[in-house]
Amino acid sequence: MSNVYDPREIEPRWQAHWLEHRTFAVPNPGRPGFDPSRPKYYVLDMFPYPSGAGLHVGHPIGYIGSDIVARRKRMEGCNVLHPMGWDAFGLPAEQYAIQTGKHPKETTAANVANFRRQLRLIGLSYDWDREVNTSDPAYYRWTQWIFTRLYDQGLVYQADVPVWWCEELKTVLANEEVINGRSERGNYPCVRRPLKQWMFRITAYADRLADDLDLLDWPESVKAMQREWIGRSRGADIVFPLAGVPGESLTVFTTRPDTLFGATFMVVAPEHPLLRRIATSDRRAEVNAYVAAASSKSDLERTDLAKEKTGVFTGGHALNPLLDPADPRARIPVFVADYVLISYGTGAIMAVPGHDERDFEFAKKYGLPVVEVVRPPAGTPGLADGVCFTGDGTAVNSGPIDGLPTPEAKAKTIRLLEERRAGSPKTQYRLRDWLFSRQRYWGEPFPLLHLEDGTVVRVPDDRLPVELPEMKDFTPSADGSPPLARARQWLSTTDPATGRPARRDTDTMPGWAGSCWYWLRFMDPWSDEAPFAPDAERYWGPVDLYIGGVTHAVLHLLYARFWHKVLHDLGVVSTPEPFQRLFNQGLLVAPAYMDGTDRLVPADEVDEVAGKSFRRSTGQEVRQIVATMSKSLRNVVNPDDVIAENGADAFRLYEMFMAPLADQRSWSSRGISGCRRFLDRVFRLLVEPDGSDPVRPELGQGAPARPLEGPTLELERALNRMLKRVDESFVEFNFNTAIAAMMTFVNDASERPGSLTRSQAERFVQALSPFAPHIAEELWQRLGHAESIARAEWPKADPAYLEDETFELVVQVLGKVRGKVTAPRGAGEGDLKSLARGAVEKWLEGKQVVKAIVVPGRLVNFVVR
RNA sequence: GCCGGAGUGGCGGAAUCGGUAGACGCAGGGGACUUAAAAUCCCCUUCCCGCAGGGGAGUCCGGGUUCGAGUCCCGGCUCCGGCACCA
């Protein structure tokens, strides 16, 4: 046994120990070894998609943070569920397989093995008995089972939906693969083409998905993004009869029914179904030309803000439903313009240029009348000042609602409309139903059968899973039909209920499916009778802490909440929400370098001298940029290399020491040395490098207890202050301050050789162990403990030792620090004042002290004249 | 434009309730030990003036509240992230 700190020897040994002894395995309720008296804690990482590139040093930041929490909770006596698995289905895996010419099953298995190896290298305390893989039939059997539950609830339907089609690649592409109307790979033009797709009725849950955010301890920014995505607006539908088109009317959605009398024109989207009826014959040619031009524009061009609004008059008129049709003010001209979107509301609006910016802009351009119907509060500029006023005010020029404040004007307008059956209250959402099918191979097959009469039945539970067929060629078909359509044998089957011939569905689920319930499978991954045992779910749910990147702020977290809520309604899960607390770890950036011709220079070929960067081989100065790690920027740092050089513990510490867990941080290849030096000092503090004893003699088992006095008492105080700061760091996961506090303690202890006691050494190692578990296990064992430190006690700060009996009294004159003096802790105000006066005599000479402010334990401030 | 967040030394960052700004670490400078190097240990390191004791300024900018402001209030600037013609 070497007495010099050597992580290359220590770390693999302890990693093997943990695996062999299943140190972090936690039993489920009712299983041997389960202790119901302990509280539960479920800390979950967003499980990774196992890419071919492996992990870079940015990926483990969240994993290390969650691991520190898990390890500490274990020491506090909790049953801790801390699992890991693989989000292995989906497009990237399929693309990678196509690229490498290997089957996705093979590449996924190899990538998973590499990820597992890398995660174990970091010393993360996962319960590997619970590992799951979404592409494993034993897992996706239950993904399909949950799908059938949603299907039975009527939450699944088929619809013709435009999808991206790339003529050049002869394939359908997912939204994520299309950027600005061109394919991500190859940059070929793509077009929208209607195709029959499976849809989830997520809009049925829109209200609860928005409202229940209030129950959650999530970052406000993520809640805001979800609310915005759901985009709930309360208002009214208003029905405008069409003049000259008997029996037809135009329905619009508005959030401002109170501005109805200010509607001086109407606008319909170019795709509006009634447009042909509305347009008069003399205008038809112009309208058709406009519609044709709009349809040839890409989505990007349509939504480009910089562009000016365009539109043409249809010749048709609509009638204000609250005015007499004979009243000339009731007739409202109808325009067609592409600033109105067919996909939102009713695809038509009443335009109120006085109180809507977009309508105002359009009206000014085409010389349409602008009428004020909302008077702004005094002092707020409005139409009288030539600007459009969109806020709340008082209704004017509006007949029956004149004089009412905006909220009441809205309510009364809706009442009047309802009386005339010309409108009703309406809540509108920006959220769309969820397009759930992909014409791809590497995903869960739909557990659905198409019968010859055109009906669709679901596969019964006892026939699940519907396994993905083995296919040698899994590339998309040239005509856009899914690869599974070519699996002839697999395709034709019979309906188990009737024995009639049936055809399997050939679409697969998107990559999101497996991640919509994996936290539930982790609770009981062994069950083959249900997705999980109900008692396991009742015990472990909900996830107490979910750590992951903010990139999943909307889609994954919204989809996961949706499935969870449906399962909750069905009584399958006991909680209304899956993730009680969400925490987003910060991004990692790293310097990248370019030479004079903007060519990228690999980061490891660059030296930094006096703030400038030079290419080592040529001595040429290079320019530094800072960006997220990527292969293309040649600035990727692999944790394998960092760990090989400095050890996993130093790596873990450095990742946490760079910044609070939530903040963006910048990787510096040199910075880690401070953390490595700290661990060297820790080891030397407890172990005599030239000796042969496992620890220094005064720290060994049976070493005589020593009184808390002199430097030992000082260390006791230093230790307790450290423990307090470490504890506080767990509130917002600013572990950088915890590590700084431990460094300070080790500095204090190193300055007082021989003063550290065994008890102090033990408590220090316990506090260190969640952060640097390998060295902690090693030192714990050397201190004579047979059991792993993983379940040792978590050390608590003793308030009796947080303060010295004296403190440094700061003395200010007029708020400026003019002196300092040592004062006894319990001194009264009078004593402090006279002590303070003595320290700043020369500043008080010839001055009159008007007032003295005393903050006990801190400072005295003299106010003088 | 709207929503969310942030601006502190050469760098990453710290600072409880409004109470010593710059903890801890990196980088840099000086020294000890060494034949030498590495490692280790000690000292210095916000800026300006001064040989020094010491003094002045200073937390994005401008105001304000207060005995006292990095922290609170008002106005502005910059940066990062999200949404973006959603009626």
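Letters A, B, ... are given to chains in the order of the sequence lines, protein chains preceding strands, and every chain is numbered from 1. These numbers come from a predicted model, not from an experiment.
For B:C17, the base adopts the syn conformation, since its glycosidic angle falls within 90 degrees of zero. For B:G53, the O4'-C1' to base torsion is more than 90° from 0; the nucleotide is therefore anti.
Rounded to a whole angstrom, the distance from the C1' atom of B:U78 to that of B:G29 is 34 Å. Remark: the separation of the C1' atoms in B:C51 and B:A37 is 38 Å, to the nearest Å. B:A14 and B:A6: their P atoms are spaced 12 Å apart (whole Å).
As judged by a 4.0 angstrom heavy-atom cut-off over every strand, A:Arg227 is placed among residues making no nucleic acid contact. Residue contacts shown for A:Trp843 are limited to sugar-phosphate atoms, with no base heavy atom under 4.0 Å away. Note on A:Pro660: only backbone sugar-phosphate atoms sit closer than 4.0 angstrom, heavy atoms only; bases stay farther off. A:Arg721 comes within 4.0 angstrom of nothing in the nucleic acid, heavy atoms only.
As the counterpart of B:U46, B:A57 is assigned, both hydrogen-bonding distances of the Watson-Crick or G-U wobble pattern falling under 3.5 Å. Remark: B:A36 base-pairs with no nucleotide in the shown strands. Criterion, Watson-Crick or G-U wobble with two distances under 3.5 Å. The partner of B:A14 is absent, by the rule that a Watson-Crick or G-U pair needs both atom distances under 3.5 Å. Partner assigned to B:G4 is B:C80, using Watson-Crick or G-U wobble distances below 3.5 angstrom. Nucleotide B:A87: unpaired (no Watson-Crick or G-U wobble partner with both distances less than 3.5 Å).
Taking 4.0 Å as the cut-off between side-chain N and carboxylate O, A:Glu728 and A:Lys724 count as a salt-bridged pair. Under the 4.0 Å criterion applied to side-chain N and carboxylate O atoms, A:Arg227 and A:Asp214 are assigned as salt-bridge partners.
Taking only side-chain nitrogens and oxygens, A:Ser233 comes nearer than 4.0 Å to OP1 or OP2 of B:A87.
Relative orientation of the A:Tyr339 and A:Phe362 rings is tilted, given thresholds of 30° and 60° on the angle between their planes. Ring geometry for A:Tyr559 against A:Trp434 counts as parallel: the plane angle stays under 30°, on a 0 to 90° scale with 60° as the upper cut.
Residues that satisfy the side chain to side chain contact (heavy atoms under 4.5 Å, CB included) test with A:Asp680, not counting sequence neighbours, are A:Tyr5, A:Arg676, A:Arg684.
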Indicate for each nucleotide in nucleotides 18-31 of chain B, in 5' to 3' sequence, whether protein heavy atoms under 4.0 Å reach the base (B), only the sugar-phosphate (S), or nothing (-). -BB--BBSSS----
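Here the side chain of A:Arg818 is nearest to one of B:G56, B:G4, B:C67, namely B:G56.
A:Ile775 pairs with exactly one of A:Leu653, A:Val682, A:Leu686 by the side-chain contact (heavy atoms from CB on, under 4.5 Å) rule, that one being A:Val682.
Inspection of the A:Asp433 and A:Thr203 side chains reveals an N or O donor paired with an N or O acceptor under 3.5 Å.
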